[in-house]
Protein chains: 2
Amino acid sequence: MTNGPVVPTRAAVQARHPISDVRFDEAGLLGSWQRVNADQTIPHCIAQLEQSGALGNLWRLRDRAIARRPPRFSDSDLYKTLEACGWADTAPEFVTASTDLLACVQEPDGYLNSWVQGGDADRFTDFAHGHEMYCAGHLIQAGIADARTTGDTRLLGIGRRFADLLCELFGERKRDIVPGHPEVETALVELYRQTGAGRYLELAKRFIDLRGRGLLDTTVTPAEYFQDHRPVRDTTSITGHAVRATYLAAGATDVAVETGDVGLLAVMERLWADMATTKTYLTGGIGSRQDGEAFGDAYELPPDRAYCETCAGIASIMWSWRLLLATGKACYADLIERTLLNCLAAATSPDGRAYFYVNPLQVRSAGFAAPGPPVRREPWHGCACCPPNIARLRAALHHYVATFDGSGVQVHQYFAGTLRHDGIRLVLDTRYPWDGTVTFAVRDTPPSAWTLTLRVPAWCAAATVRVNGAPLPATPTQGQLAIDRIWHVGDTVELVLDMPPRITRPHPRVDAVRGCVAVERGPLVYCLEEVDHAARPFEDIVLDTAGPARTVERPDLLGGTTLLALRGRLNADPIDITAVPYFQWANREAGAMRVWIPA
Amino acid sequence: MTNGPVVPTRAAVQARHPISDVRFDEAGLLGSWQRVNADQTIPHCIAQLEQSGALGNLWRLRDRAIARRPPRFSDSDLYKTLEACGWADTAPEFVTASTDLLACVQEPDGYLNSWVQGGDADRFTDFAHGHEMYCAGHLIQAGIADARTTGDTRLLGIGRRFADLLCELFGERKRDIVPGHPEVETALVELYRQTGAGRYLELAKRFIDLRGRGLLDTTVTPAEYFQDHRPVRDTTSITGHAVRATYLAAGATDVAVETGDVGLLAVMERLWADMATTKTYLTGGIGSRQDGEAFGDAYELPPDRAYCETCAGIASIMWSWRLLLATGKACYADLIERTLLNCLAAATSPDGRAYFYVNPLQVRSAGFAAPGPPVRREPWHGCACCPPNIARLRAALHHYVATFDGSGVQVHQYFAGTLRHDGIRLVLDTRYPWDGTVTFAVRDTPPSAWTLTLRVPAWCAAATVRVNGAPLPATPTQGQLAIDRIWHVGDTVELVLDMPPRITRPHPRVDAVRGCVAVERGPLVYCLEEVDHAARPFEDIVLDTAGPARTVERPDLLGGTTLLALRGRLNADPIDITAVPYFQWANREAGAMRVWIPA
């Protein structure tokens, strides 16, 4: 049975379908993340739900002596953690106890929200900022994860009862509203996919159709903050609060594919292209402005004040995955890789128990920086949206790497592990992203011909591929290399993605980093950290772009890494420069960091 | 009698003393501003006080049927307007009526604040954000302006009664507090100067001494936001909310000079140098961050997201003027000029009835910009701090241009008009800043020798000076040219400040404009506006820094201007580029603008 967070119906407009039977080896990077996620991050999140008051806010509905703690959307912290437990198939006692609690405090009509039920607000009066439906969406997604993984539908039933209430109140010919923080749209479509009940899809479509008609109160934030300034179908550029914008886009994409609305899908593809080409950082991060946690102008990408909220990176990946399924295009997998291995990877500490909320591309050294706490990952946040969001994404990560269609199997992200689909079993072996060689061993195969399609990332200038040792012409078509043959057990494919260190120049319209370059290797963006450079001030280091760039493997450092040894200048003096993968920054002593280096 | 907003006592540490008997000719730029200010801006402010509810909030204390309107510090809008009326010596009926109202609603113990008296808050419970003392400070300053200009001390008496209450509650051995928004410190020192009562100086000193000891509540904003993270005397870099930081610095400078605290004065000089060299825009604007309206890191000066609040520019001028009086150094007058003729000048429309709150150095064109209202000056603002602040500064502008000391007279800012001091009468004639020639005609002079000192701005590479037609050696000492002689009625001095168009390169640490240049002429910063360029996209224009730069006088345009004709490229094609003075931008059709141009 197909599993995972996004399972389009067979009727949907889909070029590809997700492969859910994937297991990562713990030795690989993605596998090590899933292990740390299950062993450290999820238990840490569960403990923090207790400490932060998020669980107390729900217990309080039975025991009024417990004090309500902010934020108003704290229920969603629990739901995202439950979703993580579902995809990771872990912590069953916590899931059961939480389900019992939720079943107990849910109102008879299906309503469930600790902020409102606790008496701090009235039901459905503040659509702009109340987050009631945002929480409902996460509840539904938690139930889906639990049901698809364990088969237990009790948690799903709680979410579904809430969804039924939403349909009753806000469905066709009922009250016209839209949720201020999108999220329930994707959840409703997935609930439709899970249950087959069309009313959930209809409600999601209604929320997409009604958006941009000024239904949200703009006293606190302008309409563009929550994408209510223009109908979704008339949107040409991605704007406003970055998480809202991309959750909405993911929901609109879901609605488009399930309703066969190819016009809306085309709008989403154009919108994504606008985001990817004019409003996405080199790390895959999105959201240029601290105020409003928002997208800025086109090409407004300041490295120092980059917001790049962790949740926005997660939402970007979720949206890109939906477009990849709908269209099969490699560009979506390219951005998933960039975001996952840079912005998202940086957001979590190696031990899985501390997290960045914002992910800047530059931090100035102490003598230059405005006063404030040091830039470091925190065990939790006052607004704790990010940590459990990381947990749910990492738990489901194996659902985001491979697809199938009528012709065969497509591998979009490279990992060490095993992939199974319809009589096919492939074992992948690789040190990716540290090394560009990926081998595929065919362990099971049906007798008829099928096509193995491999993504050749846009960053890769030279890829070679061998089948059973014999080279194949390796000219990818639109970023994909298709190997069509009758496969036999024991066949091997070796893909080599050449990954020399490379200098990346910014688009000339990016005012904020003109005159700078970045250093990348393979899918990894590199950065300079002050701790590696005795030369002061760190701010005045200039990179010699014509100088040599050498890789230095350091298994002893940062849990294992590949550094880049470069040359540069400080004032007139030549100096050695060391670059580390961006995702490993801020794991030693606090100090300055920069991705874009004056050239 | 010496007049003006800053009149240090004879006991103060002062290298120079302000000359208050200055009159601008209306034909000159500064004179035209004062005329527009008196004829348009002040009446406009008075009308807006009515419309915005600021006056209603005070009337409401007598007639509860009137609804309270935000913000909580609306009283200060009235007080700044009254201060403007004072320095401009205008609208006496309004001043009288307002004074009557204030006298009527002031509590018997001297307290006066419409937000608190109206019942929306308790007295002196929210020092961090309550703005009670901020309003008190502006009330005192309004009274001083009225008293010094008209001799009527009724308004001053109202402020003084409030100040007496503050002394009683918060003076030595009373409750230790500091005001969240500095402003009352300068006002208290000036009240001391006006009345001779030492308790006001002592209270101001106390507020400086107590700051940075964590007395302010940090629930809403961190301590560095209101400069409460570190004692004032230990401060080495300017941080936090830019208006708060610079009002505080102005107050600390006042306290330093009146208490003879040369150590504190030295701290202020270092702090100013930190601001001027690492945190000030080319336009003189300050405040790099939208969030917190704050100073950023050193060299964090993004042109597009520049905050450069109009009030912060005004506060910068006020602080620089105090340091100029204390030290006599030309650098302070240089920054006053830069701020006044660029950031501040840009904030007001030519008709004096519309204002910028923020003053960016770059606006992208419509196809690139995030959605939002067009960037244009507004007749008023929800937080209306800036318009009446402009009015009070422009009304007092003639008090900020010249000083005297034992040796003679110093002219810091050039204007067309007349200056009188102690038997000296000088008539200045100039088209400055459009032209660099300034002539000084001696109309009255005492018989003994005295020194006329003229500032040679830091931007000027070649200055010449002639006395009665005979050239003098014109090598300025630290930005000042001293002409010491026995003057006779009829003597003339001609100062010629060479002002060819020049290319300005940014400091290499300013990441945000690396690879760009700006164009300046004399004290004026220039910018490119989209309206002058048919070539599209405007964002891709590159300046040819080796190309010719020609001045084009256009008396017909923008109320009279000098344009610069330059050459550049768009993609590969050579194009003509037109630069306009930054202060005149956004006065034609809305569109893109940029000060820093890719080179």
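Just so we're on the same page: letters track the sequence lines, and every chain starts at 1. This is a predicted model, so every value here is computed, not measured.
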Heavy-atom closest contact ([X] atom, [Y] atom, distance):
| X | Y | result |
| --- | --- | --- |
| Glu224(B) | Pro373(A) | OE2-CD, 4.5 Å |
| Arg514(A) | Cys516(B) | NH1-SG, 3.2 Å |
| Ala370(A) | Asp297(B) | N-OD1, 2.7 Å |

Between Asp291(B) and Arg305(A), is the closest basic N to carboxylate O distance under 4.0 Å?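 So Arg305(A) pairs with Asp291(B) through a salt bridge.
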
Pick whichever of [options] has the most heavy-atom pairs under 4.5 Å with chain B.
| options | result |
| --- | --- |
| Ser288(A), Pro598(A), Gly367(A), Pro302(A) | Pro598(A) |
| Ala369(A), Gly292(A), Gly515(A) | Ala369(A) |
| Arg289(A), Gln362(A), Glu539(A), Gln290(A) | Arg289(A) |

Does Arg376(A) have more than 12 heavy atoms from other residues, nucleotides or ligands lying within 6.0 Å of its CZ?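 Count not over threshold, so no.
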
Looking at Arg569(A), I want to see if its CZ is surrounded by more than 12 non-hydrogen atoms of other residues, nucleotides or ligands under 6.0 Å.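 Not buried by this count: 12 neighbours or fewer within 6.0 Å.
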
Under 4.5 Å, heavy atom to heavy atom: which of residues 228-238 of chain B reach chain A? Give them by number, or say none.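 Checking residues 228-238 of chain B against chain A gives His229(B).
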
Going by residue number, which parts of residues 504-511 of chain B are within reach of chain A, meaning a heavy-atom gap below 4.5 Å?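 So the qualifying residues are Arg509(B), Asp511(B).
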
Engaged part of Pro537(A) at the chain B interface, taking heavy atoms whose separation is under 4.5 Å: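 The side chain, not the backbone.
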
Heavy-atom pairs under 4.5 Å with chain A, option from Pro222(B), Ala223(B), Ala512(B) with the top count: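 Of the options given, most contacts go to Ala512(B).
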
